[in-house]
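Comments concern the structure below.
Predicted, not measured: the structure shown is a model, and the values here were computed from it. For the numbers below, each heavy atom of this structure counts, side chains included, while hydrogens, waters and symmetry mates do not.
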Amino acid sequence: MALTSLTGLFAPVAAYADQPTPWQYRFQEPATDIMREIIWFEEYTLWFIIPITLLVLALLIYVIVKFSAKANPIPSRTSHHTMIEVVWTVAPVIILLFLAVPSFQLLERQFTPPSEAELTIKATGYQWYWGYEYQIGETEEDAISFDAILLPEDGRPAGKEDLSVYPRLLAVDNEVVVPVNTTVRILVTAGDVLHNWAMPSFGIKMDAVPGRLNETWFNVEKEGLYYGQCSELCGKDHAFMPIAVRAVSKADYEAWAGTAKASLDEANKNLMASLEAKNKLASAE
């Protein structure tokens with residue numbers, strides 16, 4: 001689809017919820033319960049990983065110093081030690097149990113929505129862009145479908161020139177618009193080769209396989225613009241098929257969806273105008 005020209009509308013409402021930053025070594029700020037649990041589980045596992053790593057390092061240093069040929073010219077011929085063998089067998093089993101239980105619980109949560117999905121969106125990966133189809137009504141007239149194309153380096157539409165908000169290799173012409181505090185089902189597939197629909201702030205990373213529908217879900221807690229990318233090596237332009245999701249209030253989403261059935265450009269324009277008005281009102285208070 002043609003790039004939407006929204007002169008002067010995007011700049012006032014361009015605040016993003018989260019995106020990658022230079023030299024980033026931690027996760028993005030979570031926008032869903034699932035991502036918050038993923039961050040908790042990562043921090044939880046560090047309480048096991050760090051002590052084990054330090055213990056192994058200490059043992060290696062001890063062995064290098066204590067049992068070197070210079071310090072121990074006559075090596076011991078001991079080949080078994082019952083207590084040590086029991087410890088290094090039982091201890092890993094106990095540690096794995098402490099890791100497995102919360103891991104399985106998190107895995108189940110990732111594939112079990114808390115409620116029936118209120119909105120279903122089909123995401124199809126192509127070489128090299130994403131196509132989206134909203135399953136809203138029962139007829140073709142009710143459907144909303146569009147492609148999300150990477151914004152070029154030059155010749156961006158008016159209002160999307162700010163690289164701090166619409167960054168290079170991440171911004172697209174048409175963002176996916178979803179309501180906050182709503183269970184959204186994502187059906188992920190591909191039209192050519194393997195792709196992957198990944199949104200770090202949502203805790204989602206789902207393979208897009210040709211001829212197969214993979215299902216996942218999310219429930220965004222706060223409004224804003226979120227960025228992700230294809231996370232499968234899908235070809236020479238793999239780095240140029242980003243994902244952008246704009247989370248808005250339920251009222252703004254309903255207004256956008258009602259207009260988008262007839263005109264996506266008009267729906268995007270009206271949405272930006274509504275967000276701009278809200279920002280001005282909030283600034284005045």
Exercise. Can you tell me if Lys160 uses its side chain to pair, donor with acceptor, with the backbone of Val172 under 3.5 Å?
Worked result: yes

Problem set entry | Common cluster, Phe218/Ile38, ILVMFWY with side-chain heavy-atom separation under 4.5 Å | no

For this session: Look at the rings of Phe146 and Tyr134 and say which category their plane angle falls in: under 30° parallel, 30 to 60° tilted, over 60° perpendicular.
Result: tilted

Exercise. Among pairs that include at least one residue of residues 102-115, which meet side chain to side chain donor-acceptor pair (under 3.5 Å), considering only residues two or more places apart or in two chains?
Worked result: Glu37-Arg109, Ser115-Thr183

For this session: Heavy atoms only: give me the nearest Leu119-Pro179 pair and the separation to one decimal.
Result: CD2-CD, 3.9 Å

Problem set entry | Common cluster, Ile34/Val220, ILVMFWY with side-chain heavy-atom separation under 4.5 Å | no

For this session: Could you tell me whether the side chain of Met199 reaches within less than 4.5 Å of the side chain of Ile186, counting heavy atoms only?
Result: no

Problem set entry | CA sep, side-chain torsions, deciding dist, call: Glu29, Arg36, salt bridge (charged side-chain N to carboxylate O under 4.0 Å, His left out) | CA-CA 8 Å; Glu29 286 297 316; Arg36 191 174 294 107; over 6 Å; no

Problem set entry | Positive for side chain to side chain contact (heavy atoms under 4.5 Å, CB included) with Pro242, one of Leu169, Leu151, Leu150 | Leu150

For this session: Heavy atoms only: give me the nearest Val248-Tyr253 pair and the separation to one decimal.
Result: CG2-N, 3.7 Å

Problem set entry | Audit row: Phe202, Trp217, ring-ring contact (aromatic ring centres under 6.0 Å, His included) steps and yes/no | CA-CA 9 Å; Phe202 298 176; Trp217 68 278; over 10 Å; no

Problem set entry | Gap between atom CG of Asp147 and atom CH2 of Trp130 - 0.5 Å precision | 12.0 Å

For this session: State yes or no: do Phe104 and Phe111 share one hydrophobic cluster built from I, L, V, M, F, W and Y residues joined by side-chain heavy-atom distances below 4.5 Å, directly or via other members?
Result: no

Exercise. Would a distance-only check, ignoring hydrogens and angles, find a side-chain to backbone donor-acceptor pair under 3.5 Å from Gln24 to Arg26?
Worked result: yes

Problem set entry | Close side-chain approach of Ile121 and Leu187, heavy atoms under 4.5 Å | no

For this session: Measure the shortest side-chain to side-chain distance between Lys222 and Val180 over non-hydrogen atoms and say whether it is less than 4.5 angstrom.
Result: no

Exercise. Is the closest side-chain heavy-atom distance between Gln229 and Met241 below 4.5 Å?
Worked result: no

Seminar exercise, completed: The reported gap from NZ in Lys122 to OG1 in Thr120 (rounded to nearest 0.5 angstrom) is 12.0 Å

Problem set entry | Residue pair Ser249 / Lys278, side-chain donor-acceptor N/O under 3.5 Å | yes

Exercise. What distance separates Arg246 CZ from Glu175 CD, expressed to the nearest 0.5 Å?
Worked result: 4.5 Å

Exercise. Of the non-hydrogen atoms in Ile243 and Asn196, which two are nearest, and what is the gap between them?
Worked result: CD1-O, 4.4 Å

Exercise. Would you say Ile39 and Leu99 are hydrophobically clustered, going by side-chain heavy atoms of ILVMFWY under 4.5 Å?
Worked result: yes

Exercise. Any salt bridge between Glu232 and Lys205, counting N to O under 4.0 Å?
Worked result: no

Problem set entry | Whether Asp237 side chain and Trp128 backbone form a donor-acceptor pair below 3.5 Å | no

Seminar exercise, completed: Applying salt bridge (charged side-chain N to carboxylate O under 4.0 Å, His left out) to Glu215 and not counting sequence neighbours gives Arg185

Exercise. Can you tell me how far SG of Cys230 sits from CG of Asp207, rounded to the nearest 0.5 angstrom?
Worked result: 9.0 Å

Problem set entry | Closest non-hydrogen atom pair, Tyr132 against Ala148 | CE1-CB, 3.7 Å

Problem set entry | Over 12 foreign heavy atoms within 6.0 Å of CZ, Arg212 | no

Exercise. CG of Asn174 to CG of Asn268: how many Å apart, nearest 0.5 Å?
Worked result: 5.5 Å

Exercise. How long is the span from the OG atom in Ser201 to the CE atom in Met35, to the nearest 0.5 Å?
Worked result: 7.0 Å

Exercise. Closest heavy-atom contact between Leu170 and Ala244?
Worked result: O-CB, 4.5 Å

Exercise. So do the side chains of His195 and Val188 get within less than 4.5 Å of each other, counting heavy atoms only?
Worked result: no

Exercise. Is it true that the side chains of Glu266 and Thr259 contain a donor and an acceptor less than 3.5 Å apart?
Worked result: no

Output a table of donor-acceptor pairs, distance under 3.5 Å, between side-chain atoms of residues 44-70 and any protein atom two or more places apart or on a different chain; print 'none' if there are none.
from, atom 1, to, atom 2, distance (Å)
Tyr44, OH, Phe98, O, 2.9
Thr45, OG1, Phe41, O, 3.3
Thr45, OG1, Glu42, O, 2.7
Thr53, OG1, Ile49, O, 2.7
Ser68, OG, Ala71, N, 3.2

Exercise. Is the shortest heavy-atom distance from the side chain of Asp252 to the side chain of Leu275 under 4.5 Å?
Worked result: yes

Problem set entry | Minimal non-hydrogen separation, Pro167 against Arg156, with atom names | O-NH2, 3.6 Å

Exercise. Heavy atoms, side chains only, cut-off 4.5 Å: are Leu106 and Trp40 in contact?
Worked result: no

Exercise. Under 4.5 Å between any side-chain heavy atoms of Asn214 and Thr189, yes or no?
Worked result: no

Problem set entry | Residue pair Trp256, Leu264: steps toward the side-chain contact (heavy atoms from CB on, under 4.5 Å) verdict | CA-CA 8 Å; Trp256 175 86; Leu264 180 64; 3.7 Å; yes

